[in-house]
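Inspection log for the structure reproduced underneath, given as structure tokens.
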Amino acid sequence: MPRPPPPAPPCRSVEPPKGSEMDSPEGATIRSEQKYRKFLKSLIRKQPRDLLLVIGTGVSAAVAPGIPALCSWRSCIEAVLGAAEQLEVLHPGDVAEFRKKVIKERDLLVVAHDLIRKMSPRTGDTKPNFFQDCLMEVFDNLEQHIQNPVVLQSILRLMERGTMVLTTNYDNLLEIFGQQQGKPMESLDLKDKDKVLQWARGHVKYGVLHIHGLYTDPCGMVLDPSGYKDVTQDPEVMEVLQNLYRTKSFLFLGCGETLRDQIFQALFLYTVKNKVDLEHYMLVLKENEDHFFKLQADMLLHGIKVVSYGDCFQQFPEYVQDLTAQICKQRSPDADRVDSTTLLGTSCVDCAKRKLGESGTDSPKRSKQSDIPTLE
């Protein structure tokens, strides 16, 4: 049976002294402003439609902590091996060998790929295979295991406003929860060219692109780019996907291994030039300061800003919720630009009115955007 992941370290918190001003209404405002300042302005000023969420195992782990297989690639492989052992679809010697690899191997995606191949026909074709049967065993009755939907609620809130979503996960927790909320959720994979093109062009509002496939899909799951040759060698599909990486800001949620994912690399990292000029974001757990700041420096080379959501995993859902609230409360560029200057103070409103007067317009009609100061 798979071993459950070790418990997350307890969160560190500092309680303000009793009777301090932090207990007053003004103190609540201070705490709110302090929390607000933790967010990068360049991120929270993004419009939802300018973002593309990349969902990793951390999201599933936060939503359904009762399923160890959702917590990480390591725990997923261990759970699959346990299911394979129970279903007797993998030789005991092979099970033992893969368990050793899970302990020793650093690149767990390679282990997962080897496991899929081992449980597939010797022809090299990935379908049919026993790997899917094992995943269906591991992910049985997912809807009954949703314990903390805060992150899913936040993702849906962004999707309502135009944010796109892709995932490396095999599970469909987001789609299950969205359907429970009355949303027309749709699971997509890279083998359906027409749907991928529609999604990439923003025509599938509640579509979730699974770049590894979905555990319920009879076509099987894919971890190697060779399984998507029809995609990677199709110039039309590759152009629209790479254009997303150039024009959207990717926000990585719960993605510890995604940048080492061969399919993600083939679709985006290795094919898009001048990545250092891009602006993407990744939320990570800051367990070790040296490792965290090294990761920040390394990821900037890919145009990715690494941001800490806290020093324990339990802080992740609330951080995503608060971040979503900040993004969603931003005014749309289509809103009245004169009114938006109130965010900068009365003097800026006066400046805007003077500009309107100088343009020869006495009535408070909206002038051209270039004539009115904005926040940008």
I'd like to know if [X] and [Y] make a salt bridge, using a cut-off of under 4.0 Å between side-chain N and carboxylate O.
| X | Y | answer |
| --- | --- | --- |
| Lys305 | Glu279 | yes |
| Glu186 | Lys195 | yes |
| Asp290 | Lys294 | no |
| Glu160 | Lys183 | yes |

Let me confirm one number: the [atom1]-[atom2] distance from [X] to [Y], rounded to the nearest 0.5 Å.
| X | Y | atom1 | atom2 | result |
| --- | --- | --- | --- | --- |
| Glu143 | Ile176 | CD | CD1 | 5.0 Å |
| Leu81 | Cys134 | CG | SG | 8.5 Å |
| Ile304 | Gln296 | CD1 | CD | 12.5 Å |
| Tyr206 | Gln181 | OH | CD | 11.0 Å |
| Ile44 | Thr324 | CD1 | OG1 | 12.0 Å |
| Leu253 | Ile155 | CG | CD1 | 6.0 Å |

Is there a side-chain contact between [X] and [Y], using heavy atoms and a 4.5 Å cut-off?
| X | Y | answer |
| --- | --- | --- |
| Ile77 | Phe98 | no |
| Phe292 | Leu295 | no |
| Ile327 | Pro48 | yes |
| Leu166 | Leu53 | no |
| Val208 | Ser187 | no |
| Leu323 | Leu283 | yes |
| Leu251 | Val54 | no |
| His212 | Thr167 | no |

Centroid-centroid under 6.0 Å between Tyr281 and Phe39 rings
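Judged by ring-centre distance (under 6.0 Å), Tyr281 and Phe39 do not meet the cut-off.
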Under 6.0 Å between ring centres: does that hold for Phe250 and Tyr245?
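Yes: the rings meet the under 6.0 Å criterion.
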Assess the residue pair Lys101 and Glu78 against the criterion (salt bridge (Lys or Arg N to Asp or Glu O under 4.0 Å)); give the C-alpha distance rounded to whole Å, side-chain angles, the decisive distance to 0.1 Å, and a yes or no.
CA-CA 10 Å; Lys101 289 184 178 181; Glu78 289 178 338; over 6 Å; no
Out of curiosity, does Leu115 fall in the hydrophobic cluster containing Val110 (side-chain heavy atoms, cut-off under 4.5 Å, transitive links)?
no
Would you say Leu158 and Val150 are hydrophobically clustered, going by side-chain heavy atoms of ILVMFWY under 4.5 Å?
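Unlinked, Leu158 and Val150 end up in two clusters.
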Lys118, NZ atom: more than 12 neighbouring heavy atoms under 6.0 Å
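Not buried by this count: 12 neighbours or fewer within 6.0 Å.
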side-chain contact (heavy atoms from CB on, under 4.5 Å) between Phe131 and Tyr215, worked out:
CA-CA 9 Å; Phe131 188 79; Tyr215 81 97; over 6 Å; no
Any chance the side chains of Gln321 and Ser154 put a donor and an acceptor closer than 3.5 Å?
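Their side chains do not contain a donor-acceptor pair, so the 3.5 Å distance test is not met.
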To check you understand the geometry: which heavy-atom pair defines the closest contact between [X] and [Y], and what is its length?
| X | Y | answer |
| --- | --- | --- |
| Ala64 | Leu70 | CB-CD1, 3.7 Å |
| Gly66 | Gln147 | N-NE2, 3.8 Å |
| Asn148 | Ala62 | CB-O, 3.5 Å |
| Met159 | Gly207 | CE-O, 3.8 Å |
| Ala79 | Val138 | O-CG2, 3.6 Å |
| Leu267 | Leu190 | CD1-CD1, 3.8 Å |

Answer yes or no: is there a donor N or O on one side and an acceptor on the other, between the side chain of [X] and the main chain of [Y], under 3.5 Å?
| X | Y | value |
| --- | --- | --- |
| His210 | Asn169 | yes |
| Asn288 | His291 | yes |
| Ser308 | Leu285 | no |
| Arg161 | Arg157 | yes |
| Arg74 | Val102 | yes |
| Ser75 | Pro68 | yes |
| Asp189 | Lys191 | yes |
| Gln315 | Asp311 | yes |
| Asn172 | Glu175 | no |

Test side-chain contact (heavy atoms from CB on, under 4.5 Å) applied to His280 and His302, step by step:
CA-CA 8 Å; His280 304 299; His302 296 288; over 6 Å; no
Starting from the C-alpha separation in whole Å, work towards a yes-or-no answer on side-chain contact (heavy atoms from CB on, under 4.5 Å) for Leu278 and Ser249.
CA-CA 8 Å; Leu278 305 178; Ser249 283; over 6 Å; no
Report the relative orientation of the aromatic rings in Tyr309 and Tyr319; use parallel for angles under 30°, tilted for 30 to 60°, perpendicular for over 60°.
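Correct class here is tilted.
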In terms of relative ring orientation, are Phe264 and Phe252 parallel, tilted or perpendicular, with 30° and 60° separating the classes?
perpendicular
Residue of the set Asp50, Leu52, Val204 for which side-chain contact (heavy atoms from CB on, under 4.5 Å) holds with Met164
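Of all the options given, the one that passes is Leu52.
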Apply the test side-chain contact (heavy atoms from CB on, under 4.5 Å) to residues Arg49 and Thr163: give CA-CA distance (whole Å), side-chain angles for both, the deciding distance (0.1 Å), then the verdict.
CA-CA 5 Å; Arg49 64 174 176 267; Thr163 298; over 6 Å; no
